[in-house]
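Only one structure is covered here, and it is reproduced in the block below.
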Amino acid sequence: MLETVIHGVTFKNPVIAASGTFGFGHEFSQFYDLSRLGGISSKGLTLEERFGNSGERLYETESGLINSIGLQNPGVDAFIRDELPYMESLGTVILANLGGGTLDAYLQGVEKLNGTSVDIIELNISCPNVKAGGMAFGIKSDVAYEVVREVRAVCKKPLMVKLSPNAENIVEMAARCEEAGADSISLVNTFKAMAIDIHKKKPVFDNIFAGLSGPAIKNIALRMVYEVSSAVQVPVIGMGGISRWEDAVEFIMAGASAVQVGTANFVRPTVCLEIIEGLEKFMVENSFQTIAEMVGIAHNNA
Amino acid sequence: MLETVIHGVTFKNPVIAASGTFGFGHEFSQFYDLSRLGGISSKGLTLEERFGNSGERLYETESGLINSIGLQNPGVDAFIRDELPYMESLGTVILANLGGGTLDAYLQGVEKLNGTSVDIIELNISCPNVKAGGMAFGIKSDVAYEVVREVRAVCKKPLMVKLSPNAENIVEMAARCEEAGADSISLVNTFKAMAIDIHKKKPVFDNIFAGLSGPAIKNIALRMVYEVSSAVQVPVIGMGGISRWEDAVEFIMAGASAVQVGTANFVRPTVCLEIIEGLEKFMVENSFQTIAEMVGIAHNNA
Amino acid sequence: MPASCLKSDILSHKEIFSGVYQMTCRFPGPKAPGQFFMVRGWQGYPLLSRPISVNDADEDTVTFVYEVRGQGTQLLSALRPGESVELTGPVGSGFPVEKLSGRVAVVAGGIGIAPLLYAAKSMKGCEAELFCGFRGKSYLVEAFAPYVSAVHVASDSGAEGHHGFVTDLLDAADFDAVITCGPEIMMKKVARACREAGVLCYVSMERHMACGIGACLGCTCKTLHGAKCVCKDGPVFLGEDVMIDA
Amino acid sequence: MPASCLKSDILSHKEIFSGVYQMTCRFPGPKAPGQFFMVRGWQGYPLLSRPISVNDADEDTVTFVYEVRGQGTQLLSALRPGESVELTGPVGSGFPVEKLSGRVAVVAGGIGIAPLLYAAKSMKGCEAELFCGFRGKSYLVEAFAPYVSAVHVASDSGAEGHHGFVTDLLDAADFDAVITCGPEIMMKKVARACREAGVLCYVSMERHMACGIGACLGCTCKTLHGAKCVCKDGPVFLGEDVMIDA
Ligand SMILES: Cc1cc2nc3c(=O)[nH]c(=O)nc-3n(C[C@H](O)[C@H](O)[C@H](O)COP(=O)(O)OP(=O)(O)OC[C@H]3O[C@@H](n4cnc5c(N)ncnc54)[C@H](O)[C@@H]3O)c2cc1C
Ligand SMILES: Cc1cc2nc3c(=O)[nH]c(=O)nc-3n(C[C@H](O)[C@H](O)[C@H](O)COP(=O)(O)OP(=O)(O)OC[C@H]3O[C@@H](n4cnc5c(N)ncnc54)[C@H](O)[C@@H]3O)c2cc1C
Ligand SMILES: Cc1cc2nc3c(=O)[nH]c(=O)nc-3n(C[C@H](O)[C@H](O)[C@H](O)COP(=O)(O)O)c2cc1C
Ligand SMILES: Cc1cc2nc3c(=O)[nH]c(=O)nc-3n(C[C@H](O)[C@H](O)[C@H](O)COP(=O)(O)O)c2cc1C
Ligand code: FES
Ligand code: FES
């Protein structure tokens, strides 16, 4: 009943662990059988190993979390060599979440992943563009269009493009990414935020700005998913603050074909399971036979 | 010590009750002496009386509130006749918060307010532009620039322009509003959000989208205030989720010359007083002589 | 009767029925029947305070009876005597008990019975009868004994009294006035019956509220006289004014 | 010793010192000294669970000693026996007590004393002495009696024992190993003294944590071997590895 097919890839259920919040799965395998998941999006990968940001990396806000991890990861090669074999063995859909600082780094990363067993490449365009003074690729639609078009040309896997909520115009952004060849759109990444330590009289983070996630952003993310899903034809994967099965239902009714769960994994490591179970129960109680029947239903009734 | 002067207007302290959350003051006067406040921004006014939106108007989120009031207000004339005399008597700075659906409505509203005792006109550009298919004036910088320029030409009061966080580019927006003649910039208004009633399978609000405020948005708003205050010369008035004196200090250190407190007034009607008192205590303990010494200090230490 | 915002000590707090709590707090000053308080028994979360009606009161205290529905009432129910709650109130315009006379029907649906106790207690020189409907077993009914001459109970499950709607038991024409609080659908029926019988009817409305004091304009309901704030212009309205499509 | 995530009953809970609580919960399975749990005694808010060290444990239970600092520990302290907390753990790599022998100094600063009790209890065949510093009066010290041969107390205020730093009392050279938990500045001094004396030293680090299990990479600290997760690679590290600039 929960099965859902997205650009040819079959997910057991529409609940995917979000990138950067689930490592490569190891840590969560002690809590439950990860084959229960719809999918896992890997920690964000870059061509080269990254050590991440200095200074404070976490800050808790009212119902939210600001992180400044800075894409700490072992690099694509080490991922393919050391992590992917384990992930493959888990019996769930594997998304390789790919970031980069230059177009070239994206392209090289994709080429390396092409030859592997990853099911989907999730292109994270929220990364700062080194050549454009650090403004993320995902802010201006034209910049994103270029990256996606070039990546599409070399990518042999289904290509999911993950949008930043900081995009100037999220609807236009999604439409342009679709036009450039994205097979699906996932959204949202974290919101640009900051905090100030009033005793030290300075920003908490060395980088000043960092990314807000968690329940605080849920209803903004939901709105974006609703808007985007009526502007594109490709499947939309929704996320942002999902921490209960009810939230997942909201995102699906807003138009998401699947959802990702991020920060909530930190709050309770078994939360994805609970969401899957709650979703199933809700569907039975409300006589939904398939996820597809629920997708976007709120648009019909608006 | 708390006194602060913004474009020639002297505020007893930098704490202003935000528009739409404080009515015209009446309701709060039963809880404390409103002359203690730095200022009050009136409920959002429009040229003609408005009855507001149908259906559900409030929805509570995790640490946030979504509202779909729809600018219910008695109209500028009735405000001037029935409410302003009372507000004038309160012994605090009065901001008339002015919305509109067309450029013309803004201009007429300003002309009416010119002849009154209001201290400042706070121009709310988050209102849907009737002639542009309902997209708010405050989304595209060029549209906002036009409105502000025309309003500036007729406005005889200090003009504070209140930005929407939904602006495509908040920094450019602020800079363009300054260029168009804004005497100060206040930000942020509410974030475009939505909620879905999973049992009714439809959006909670008749208008689908509505505005998110409260602690949930605080660290995004703070980031915007930080960015904007380094991009403009005019004073910046910060708001978004302020509910404790510590929050006010963060906004001031981020660059706000004064702050506004909105949703928190609903949570505890005396919250503005508590913020004023906390601010004063903090300044004494940290040997700040004036608010100005604190404004933007986080930039120096970043 | 201006409202105030106080940290108030809990004097007693007990579960009087499964999931229904009675809490008495210190709160000096007058309170009118039908008025309510914005109650907060927690720090930051949930964000908004919760409206709860005056169930009983004297000069120094106020008593609430509430049902646990979600997180707010859940957190409230965990508090113990000696701990404190934040109260903003009393707010709202209550039942105009001074306008009532003769035979008055007091009609309650579920937890809607809570404010009606203080209303019944405050009616002077009336002869009141209580009509109350519950899902299963009744609660709080005994407390009405001193103030009403008869009690009529209905239950959805048939667990107690009439098996069916409380409105089945009421003949509005027998009364000079009716006051009611409960699910909107029940109050609609009561208001319609009263209109048909030409009987004065007051209903206590419920809306999601943010401020509770008339500042946010979020709790409006349509009335014959335009949109009104339930928190400030109500929660008690003339039935004919608000049950327009009844 | 894989971690699990359970709803756990509170068996006992008391304030053992002003603002310091001791809570024992049912949690079956082995726990190593120096490990900790992500503790959650509330629903939605605050968002993150709080890391608290194992203060004592047996096959079926775990005991925590914690100081009320902010909202999380405040909410925790309001819970009563019979209520439950959510526990994720045990997590982290603890004190390698099996590697310790001979004379061991156990050095605590403030609430840092909490994990050291279970560590002291778990050291076999060592002769341990406790060095502990407090702001004012001491707490939890008596509980060490069965496991240590001497106790040295210091206090910032002079309220008890040596008026000054606990590090004033310690001569690292007298010991074969030192284990320590407390403010980073104190642990730095201890680690430096140990390095100078050529003594083995283990420190228990603290960082803000989101997941507690190594998934978020938010709790890193610099070590001689690159950045490590305090929650997974620690919280216990070799002093010389983490106190790099000591
Ligand atoms: C004037 C007034 C007086 C009242 N007096 C009493 C009283 O004396 N005793 C009493 O028990 N109750 C009373 N109530 C009702 C009481 O305020 C609510 O039961 C309480 O606020 C519930 O809070 P909660 O946090 O426990 O539940 P919540 O978590 O707020 O949820 C309660 C229910 O409402 C739903 N809900 C909440 N917000 C929305 C929304 N925007 N759209 C759709 N559904 C929503 C939730 O899904 C849930 O089913 C009164 C209400 C009003 C307005
Ligand atoms: C591995 C480990 C083991 C621990 N074991 C114990 C133990 O056994 N006993 C014990 O009492 N404590 C222990 N702690 C500390 C304990 O986790 C904290 O005291 C607790 O999390 C505080 O939570 P709170 O909600 O009460 O306070 P919070 O509200 O989180 O605030 C606590 C303090 O930290 C500050 N703070 C929080 N986040 C930030 C940030 N990002 N930047 C700057 N300042 C911040 C706050 O301002 C405040 O001063 C341990 C910590 C770790 C990492
Ligand atoms: C600690 C942390 C690390 C993250 N790292 C990545 C990443 O490497 N790549 C990416 O695309 N998104 C990353 N994200 C964003 C999440 O995948 C997700 O888009 C976002 O957090 C919103 O969802 P949530 O509110 O459920 O967490 C990270 C989020 C957090 C909290
Ligand atoms: C119920 C409600 C009504 C509002 N009405 C107006 C308004 O009429 N005009 C306006 O400029 N802003 C209005 N706002 C926005 C607030 O003034 C403020 O910008 C926003 O809520 C963010 O601040 P906060 O998080 O402190 O509430 C309203 C906000 C709320 C919650
Ligand atoms: S709840 Fe705010 S006006 Fe009624
Ligand atoms: S707290 Fe998440 S990795 Fe340590």
Side-chain angles (χ1 to χ4, degrees), chain B residues 17-32 40 43-44 49-74 204-205 210-216 218 241 243-244 262-271 273-274, chain C residues 1-8 29 35 37-51 69-73 84-93 184 206-223 225-233 244-245:
Chain B
S19 177
T21 67
F22 215 74
F24 301 109
H26 301 288
E27 291 78 13
F28 290 87
S29 66
Q30 54 190 329
F31 299 103
Y32 62 98
I40 301 176
K43 165 111 219 60
E49 178 175 12
R50 290 209 191 168
F51 300 98
N53 294 333
S54 64
E56 193 67 56
R57 289 181 167 200
L58 296 171
Y59 186 88
E60 189 176 3
T61 71
E62 314 277 307
S63 299
L65 172 68
I66 313 186
N67 88 78
S68 177
I69 308 300
L71 272 184
Q72 181 180 334
N73 82 95
V204 165
F205 296 108
L212 178 67
S213 63
K218 192 194 87 177
S243 49
R244 299 172 307 184
T263 305
N265 290 303
F266 303 156
V267 175
R268 187 179 301 120
T270 50
V271 71
L273 265 195
E274 291 158 27
Chain C
M1 213 176 311
S4 43
C5 169
L6 294 182
K7 203 158 180 170
S8 158
Q35 285 195 303
F37 283 78
M38 295 300 282
V39 180
R40 193 171 188 82
W42 52 87
Q43 289 286 314
Y45 185 91
L47 181 63
L48 301 173
S49 306
R50 301 298 191 239
R69 292 274 298 279
Q71 204 151 22
T73 46
S84 63
V85 286
E86 238 178 270
L87 298 180
T88 299
V91 284
S93 70
E184 199 155 317
E206 196 176 320
R207 281 290 180 279
H208 290 118
M209 293 188 174
C211 70
I213 60 172
C216 73
L217 306 183
C219 64
T220 43
C221 78
K222 268 188 242 167
T223 77
H225 317 290
K228 297 280 178 190
C229 280
V230 168
C231 70
K232 193 180 174 183
D233 305 317
I244 310 180
D245 46 350

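Only this structure's heavy atoms are used, side chains among them; waters, hydrogens and symmetry mates stay out. Throughout, a chain's letter reflects where its sequence line sits, starting with A, and its residues are numbered from 1.
Of the two parts of S63(B), the backbone and the side chain both hold a non-hydrogen atom closer than 4.5 Å to a non-hydrogen atom of chain C. The part of M209(C) that comes within reach of chain B is its backbone (N, CA, C, O), which places non-hydrogen atoms under 4.5 angstrom from that chain. Contacts between Q71(C) and chain B at a heavy-atom distance below 4.5 Å are absent for every atom of the residue. With a 4.5 Å cut-off on non-hydrogen atoms, K232(C) touches chain B through its side chain but not through its backbone.
Atoms CG and SG, on N67(B) and C216(C) in that order, are 8.0 Å from each other to the nearest 0.5 Å. Once rounded to the nearest 0.5 Å, the distance linking CD1 of I213(C) with NE2 of H26(B) reads 12.0 Å. Distance check, rounded to the nearest 0.5 Å: OG1 of T270(B) to CG of L6(C) gives 9.5 Å. Note that CG of L217(C) is 9.5 Å distant from CG of N73(B), once rounded to the nearest 0.5 Å. Rounded to the nearest 0.5 angstrom, C211(C) SG and N265(B) CG are separated by 9.5 Å.
Between G218(C) and I69(B), the shortest heavy-atom contact is CA-CD1, 3.6 Å. Pairing each heavy atom of Q72(B) with each of T220(C), the nearest pair is OE1-CG2, 3.8 Å. Pairing each heavy atom of R268(B) with each of C5(C), the nearest pair is CG-SG, 3.8 Å.
Per-residue heavy-atom pair counts under 4.5 Å with chain B were compared for G214(C), G212(C), S49(C), and the maximum is reached by G214(C). The residue among M38(C), K222(C), R207(C), R50(C) with the most heavy atom pairs within less than 4.5 Å of chain B is R50(C). Highest contact tally toward chain C, considering only R244(B), E56(B), R57(B), is held by R57(B) [criterion: heavy-atom pairs under 4.5 Å]. Chosen from F28(B), F22(B), F31(B), the residue pairing most often with chain C at heavy-atom distances under 4.5 Å is F31(B).
A 6.0 Å sphere centred on CD of E49(B) holds more than 12 heavy atoms belonging to other residues, nucleotides or ligands.
A donor-acceptor pair is defined here as one N or O able to donate and one able to accept, closer than 3.5 Å; no such pair exists between the side chain of E27(B) and the backbone of A215(C). A donor-acceptor contact shorter than 3.5 Å is absent between the side chain of E60(B) and the backbone of P46(C).
The side-chain contact (heavy atoms from CB on, under 4.5 Å) search around T263(B) returns L65(B), S213(B), F266(B), L47(C), not counting sequence neighbours.
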